Amino acid sequence: MKIERLLKSPAVFCAAVLLASMLIIHPSLNMGLGDDFSYVRTAKYLAETGHLDYFGWATPMLGWQLLIAVPLIKLFGFSFNVVRASVFCVALVLTLLLHPLFVRAGLRRRNATFATLAMVLSPIFLPLAYTYMSDVPGFFAIVLCLYCCLRAVESVEDQSAFRWLMFAAVSNVVGGTARQIAWLGVLVMVPSTFWIIRHRRLPVALAVSIWVACVGMIFWISRWFSHQLFSQPEKLISGPVNSGMLHQLIVSLLHFLLGLSLLSLPVFIAFFPGYVVRSRRLVGIVLLVVAAVGLAVVSGLHHHHQALLDWLAPFNRDFLTTRGMIEVPEIGDRPVVLGPVAQVILTLLSVGATLSFLLCLWRMAPARQTPAEDVSVISWHKLLLLLGPFAAAYLGLLLPRGAVELMRDRYVLVLLLVTLIVSIRFYQERVSRELPWVSFAFLFLFAAFGIAGTHDLFAMHRAKVAAADELIEAGVPPASFYGGFEYDGTTQIDQWGYVNAQAGLINVPPGVPYRFGTMAFKPCGYSSAKLFVAIHAKYALSFSPDSCQGASAFPAVTFHTWLPPFSGKIYIQNVTGLPTSNLPTRQDVPIGRP
């Protein structure tokens, strides 16, 4: 009976959907993906030697994420796929945890199922679930902490509330070792929860002692990481503060919030038919704003204002881009997936849906429905005390990064969780008990794009590996060709033992010279060449037939995709005229690790 009940659980259903997506996507790739080329090497080295080392590209300390990968490596042998499978297992457990979290936050079970699928099938979460990057493990640490805090708030017995709160604190200290920003759980969320339940009979001295010990442990771990060789501990503020940083911060913040509104579209769109259409005035406001934005966009495109494209969906363009998933420095131009027409449509839908939600929030229609069933529901006051300070602190820590570069769209996962909780609960209490069919339609479209885009990402990179294998079989070593950011990252580590990151950002032992930025020009327009100075390229793998110095004798490798333009090619091109006089050789740099 328990097994039957488990199989009928909505949480299990959501995990099964995520598992089914893996079979559809076929995420097999013998190469790094995104930043994980360095992280995978750290896991491999730990499994082989028992020592924890970094390789020049690690800002997260990885922590418990490594401890999950190591047993899989020992059991099945090393491969990129085996290491990535460890994060996918975390993603499955995370999915099982998300549904009960949404229910305890006040969402009805059907709406909680929708929210869970909206999270794990989003075009941001899906590709992250199939990499070895630390975003999913860090997100899991936050979700676990939030779930424990909700259990502490709703617990009837004081001792039970205390145990849940302390478990939230201790587990978050461990969980944050994968991705440090997850420590906001114990630093902000746990104190917020303690404030909510402060009127209970709690062992205050013991609680404070445990929390202080947790904070001390965080300080000690952070200090340890800052002294690890070839790690890149991030500073809160990089470089001098000036007026240009303020402009960059405003631009980054707007892009980030627009990206959040786009990912929230399946929920926000429900407020238009559910609330706005009841008032001609509100319909007029939404249509007028959408028309004004649409007119400005069309006029700008007509007059060839290319900068305007940066303000069209998908806005941030890090993991979710106009050229598919995970856009990193490459040679040549990847095929365009989302053309200007699709971008304009997505932008107008996002603006209209977000405005509908904000109008409903502003008008504050009287509550009509009970928020959930069969569970004691946390009040709005307590929920906002729990989520508000945490979300503000999370966004605040991202702002310094936004002052020097765009805030990555994958950082939006945590705020998307908060947005789904608040917006769906508000909808079911103030508008209707269940989300409308239009929300499920957009959820399906987003999921389909995420699955197809992630499939195409792996198909594209498998073609790149096939092209690289052709060169290697012909006697060309990896240090003699450019294969793109992820492939070259592995080659650089193989040759020198670390990635040639910028001086001041990487901990390098005495006697190891920095060679970052010594290249006089960018071969083939490849912006990351300065990171991979161990490579003296004669060939380059390119998405364009004319990005280097002409075609080589090697044929192009064709790959097929599910999204437009449905096919592409990896060209093997010649690289000539590359000056080597100022490039270091391997003998210049001592390597202390195999």
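Note that the structure is predicted; figures quoted are calculated from it, not measured.
For the ring pair (Phe, Tyr, Trp, His ring centres under 6.0 Å) test with Y487, the passing option among Y526, Y482, F481, F80 is F481; the others fail.
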Worked check of salt bridge (Lys or Arg N to Asp or Glu O under 4.0 Å) between R41 and D53: CA-CA 9 Å; R41 181 53 60 91; D53 273 318; over 6 Å; no
Salt bridge (Lys or Arg N to Asp or Glu O under 4.0 Å) between K464 and E330, worked out: CA-CA 11 Å; K464 186 184 293 184; E330 301 280 3; 2.7 Å; yes
Verdict with supporting geometry, D35 and R410, salt bridge (Lys or Arg N to Asp or Glu O under 4.0 Å): CA-CA 13 Å; D35 291 334; R410 53 195 168 92; 3.7 Å; yes
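Between F532 and F485 the shortest side-chain heavy-atom distance falls below 4.5 Å. F319 has its side chain out of reach of R408: every pair of non-hydrogen atoms, C-beta onward, lies at least 4.5 Å apart. The shortest distance between side-chain heavy atoms of T177 and W183 falls below 4.5 Å. At a threshold of 4.5 Å between non-hydrogen side-chain atoms, the residues T454 and P27 do not count as touching. Two residues are said to be in side-chain contact when any heavy atoms from C-beta on lie closer than 4.5 Å; L126 and S21 meet this criterion.
Pairing each heavy atom of A15 with each of L92, the nearest pair is O-CD2, 3.6 Å. Shortest non-hydrogen contact noted between A463 and I570 is CB-CG1, 4.0 Å. When all heavy atoms of A178 and W64 are compared, the closest pair comes out as CB-NE1, 3.3 Å.
A centroid separation of less than 6.0 Å is found between the aromatic rings of F225 and Y54.
Judged purely by distance below 3.5 Å, without hydrogens or angles, the side chains of Q248 and S252 pair a donor atom with an acceptor atom. Side-chain contact, Q573 with S547: a donor N or O sits under 3.5 Å from an acceptor N or O. At a cut-off of 3.5 Å, with distance as the only test, a side-chain donor of N81 or S28 sits close to an acceptor on the other residue. Between the side chains of T419 and S264, no donor N or O sits under 3.5 Å from an acceptor N or O.
In this structure K44 satisfies the side chain to side chain donor-acceptor pair (under 3.5 Å) test together with E48, sequence neighbours excluded. Scored by the salt bridge (charged side-chain N to carboxylate O under 4.0 Å, His left out) test, E486 finds no partners at all (sequence neighbours excluded).
For residues 44-83, no residue pair satisfies the disulfide bond (SG atoms under 2.5 Å apart) rule, not counting sequence neighbours.
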